[in-house]
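Input: a single structure, listed below in structure tokens.
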Amino acid sequence: MRRPFRERVLNVVRKIPKGGSMTYKQVAGKAGNSNAARAVGGIMRTNRDPDIPCHRVIRSDGTLGGYNRGGAMRKRQLLSREGAL
DNA sequence: TAGTTGACCGGAA
DNA sequence: ATTCCGGCCAACT
């Protein structure tokens, strides 16, 4: 099904419960490609939807990774506030 | 159409 | 443990 990978990824991230975190690879896998972790990051970067808690998506190494609109610092605070830390 | 980029991953040095 | 290198994918110019 020719569905834009973008929408698929966003859809998955949107379903991430509060206090839960997913790695880029996990999201990519749910979107259909476990090897598209990089692409997922690129999508997140361009994405600007408040319904998409992209701050809940972290790297496989356990690090938070990057973030736009405040940087990793903001991301860490959001996760800490939700209890995902 | 082709080339470059990046919020990544995994393995090797 | 940290740093370097190649590889996969979608979006952007």
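When reading the values below, keep in mind they use all heavy atoms of this one structure, side chains included, and skip hydrogens, waters and symmetry mates. Letters A, B, ... are given to chains in the order of the sequence lines, protein chains preceding strands, and every chain is numbered from 1.
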Inter-residue atom distance A:Gln77.CD - A:His55.NE2, 0.5 Å rounding: 11.5 Å
Distance, nearest 0.5 Å, that separates CG of A:Asn68 from CZ of A:Arg45: 8.0 Å
Donor-acceptor under 3.5 Å (A:Asn47 side chain, A:Asp49 main chain): yes
Review item, nucleotides 7-10 of chain C N/O atoms under 3.5 Å of protein N/O:
from  : atom 1 : to      : atom 2 : distance (Å)
C:dG7 : O6     : A:Arg38 : NH1    : 2.8
C:dG7 : O6     : A:Arg38 : NH2    : 3.2
C:dG7 : N1     : A:Arg38 : NH1    : 3.4
C:dC8 : N4     : A:Arg38 : NH1    : 2.7
C:dC9 : O2     : A:Ala39 : N      : 3.4

Euclidean distance, atom CZ of residue A:Arg45 to atom P of B:dA7 [Å, nearest integer]: 5 Å
Note, A:Val13 side chain near A:Ile16 side chain (heavy atom, < 4.5 Å): yes
Gap between atom CG of A:Asn33 and atom CZ of A:Arg8 - 0.5 Å precision: 9.5 Å
B:dC9 OP1/OP2 closer than 4.0 Å to side-chain N/O of A:Arg59: yes
Interatomic distance, A:Arg48 CZ vs C:dC12 P [rounded to whole Å]: 14 Å
Interatomic distance, A:Arg69 atom CZ to A:Arg74 atom CZ [nearest 0.5 angstrom]: 5.0 Å
Atom-to-atom span, NE2 of A:His55 to P of B:dA7 - whole angstrom: 19 Å
Contacting residues from residues 10-26 of chain A, given that a heavy atom lies under 4.0 angstrom of DNA chain B: A:Tyr24, A:Lys25
Length of the line joining A:Ile52:CD1 and B:dA7:P, which is rounded to integer Å: 19 Å
Nearest-0.5 Å distance that lies between atom NZ in A:Lys75 and atom CG in A:Leu79: 7.0 Å
Phosphate-side-chain proximity, A:Thr46 and C:dA11, N/O vs OP1/OP2 below 4.0 Å: no
Gap separating the NZ atom of A:Lys15 from the CE atom of A:Met22, nearest 0.5 angstrom: 10.0 Å
